[in-house]
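As structure tokens, the structure follows; a few thoughts come after it.
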Amino acid sequence: MVIERLDGCFSVCKLPDFSLVDWSDPFLFLARTDTEYSLVCSAGRAPANACSCEHGWRALRVAGTLDFSLTGVLSMLTALLAAAQIPVFAVSTYDTDYILTRETDFDRAICALAGGGCTIV
């Protein structure tokens, strides 16, 4: 499996609403449920109304488009990272999966995934 390193750092935030989200940010993940509003955004673009934010995350992306019939992609990747004691924040889109790790764990995450047979680009 090919894993792409994304440039830059990211923040994971809890919000009261999406009113102050910077929609020009090229990297946004938003989730709304009946109990919360969550956002992943580029570092330095956390909304002023954020209830809480965790800064200093780095991101990896599974390269290409994943077919919906595939099983175990995230499971395999997170198992490799769990074995290395690396916490993750995972996000999926229509096309692929993303895994965020804390910046302090990023190099170890790369090594764990490469050691598990992934190609890192």
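The basis for the numbers below is simple: all heavy atoms, side chains too, and nothing from hydrogens, waters or symmetry mates. All residue numbers refer to positions in the sequence shown, counting from 1.
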What one should report as the nearest heavy-atom pair of Leu15 and Cys51 is C-SG, 4.0 Å
Okay, side chain of Ser42, backbone of Arg45: is any donor-acceptor separation there less than 3.5 Å? no
What's the separation between atom CG in Asp97 and atom OG in Ser75, rounded to the nearest 0.5 Å? 11.5 Å
Stepwise side chain to side chain contact (heavy atoms under 4.5 Å, CB included) check, Leu77 with Ile99: CA-CA 9 Å; Leu77 297 173; Ile99 295 178; 3.6 Å; yes
Answer yes or no: is there a side-chain heavy-atom contact under 4.5 Å between Cys9 and Arg58? yes
How long is the gap from CD on Glu4 to CG on Leu60, to the nearest 0.5 Å? 10.0 Å
Honestly curious: do Leu6 and Val40 fall in one hydrophobic cluster under the side-chain, below-4.5 Å linking rule? yes
Would Ser19 and Asn49 satisfy side chain to side chain contact (heavy atoms under 4.5 Å, CB included), going step by step from the backbone distance to the final call? CA-CA 9 Å; Ser19 64; Asn49 65 340; 3.7 Å; yes
Out of curiosity, Cys118 SG to Met76 CE, how far, rounded to the nearest 0.5 Å? 4.5 Å
Can you get from Val73 to Leu80 by hopping between Ile, Leu, Val, Met, Phe, Trp and Tyr side chains that sit under 4.5 Å apart? yes
Quick one: are Arg5 and Arg61 in side-chain contact, heavy atoms under 4.5 Å? no
Testing Phe106, Phe27, Trp57, Phe29 one by one against Phe10 for a ring pair (Phe, Tyr, Trp, His ring centres under 6.0 Å), which residue passes? Phe27
For Ala46 against His55, the heavy-atom pair lying closest together: CB-CE1, 4.3 Å
Assess the residue pair Ile3 and Ile110 against the criterion (side chain to side chain contact (heavy atoms under 4.5 Å, CB included)); give the C-alpha distance rounded to whole Å, side-chain angles, the decisive distance to 0.1 Å, and a yes or no. CA-CA 9 Å; Ile3 307 295; Ile110 297 292; over 6 Å; no
Is a salt bridge present between Asp105 and Arg108, judged by a nitrogen-to-oxygen distance below 4.0 Å? yes
Determine, using ring centers only, whether Phe89 and Tyr98 are less than 6.0 Å apart. no
Would you say Leu39 and Val91 are hydrophobically clustered, going by side-chain heavy atoms of ILVMFWY under 4.5 Å? no
Kindly compute the distance separating CD1 (Ile86) from CG (Leu113), expressed to the nearest 0.5 Å. 7.5 Å
Do Cys13 and Ser52 have side chains that get closer than 4.5 Å, going by heavy atoms? no
Answer yes if the side chains of Thr93 and Asp95 hold a donor-acceptor pair under 3.5 Å, and no otherwise. no
Val2 and Val121: CA distance, side-chain angles, deciding distance, side chain to side chain contact (heavy atoms under 4.5 Å, CB included) verdict: CA-CA 7 Å; Val2 177; Val121 296; 3.9 Å; yes
For Val62 and Met1, the nearest pair of non-hydrogen atoms, with its separation, is CG1-SD, 4.0 Å
Is the number of heavy atoms from other residues, nucleotides or ligands under 6.0 Å of Asp17 CG greater than 12? yes
Quick one: CG on Leu30 to OG on Ser38, what's the gap to the nearest 0.5 Å? 9.0 Å
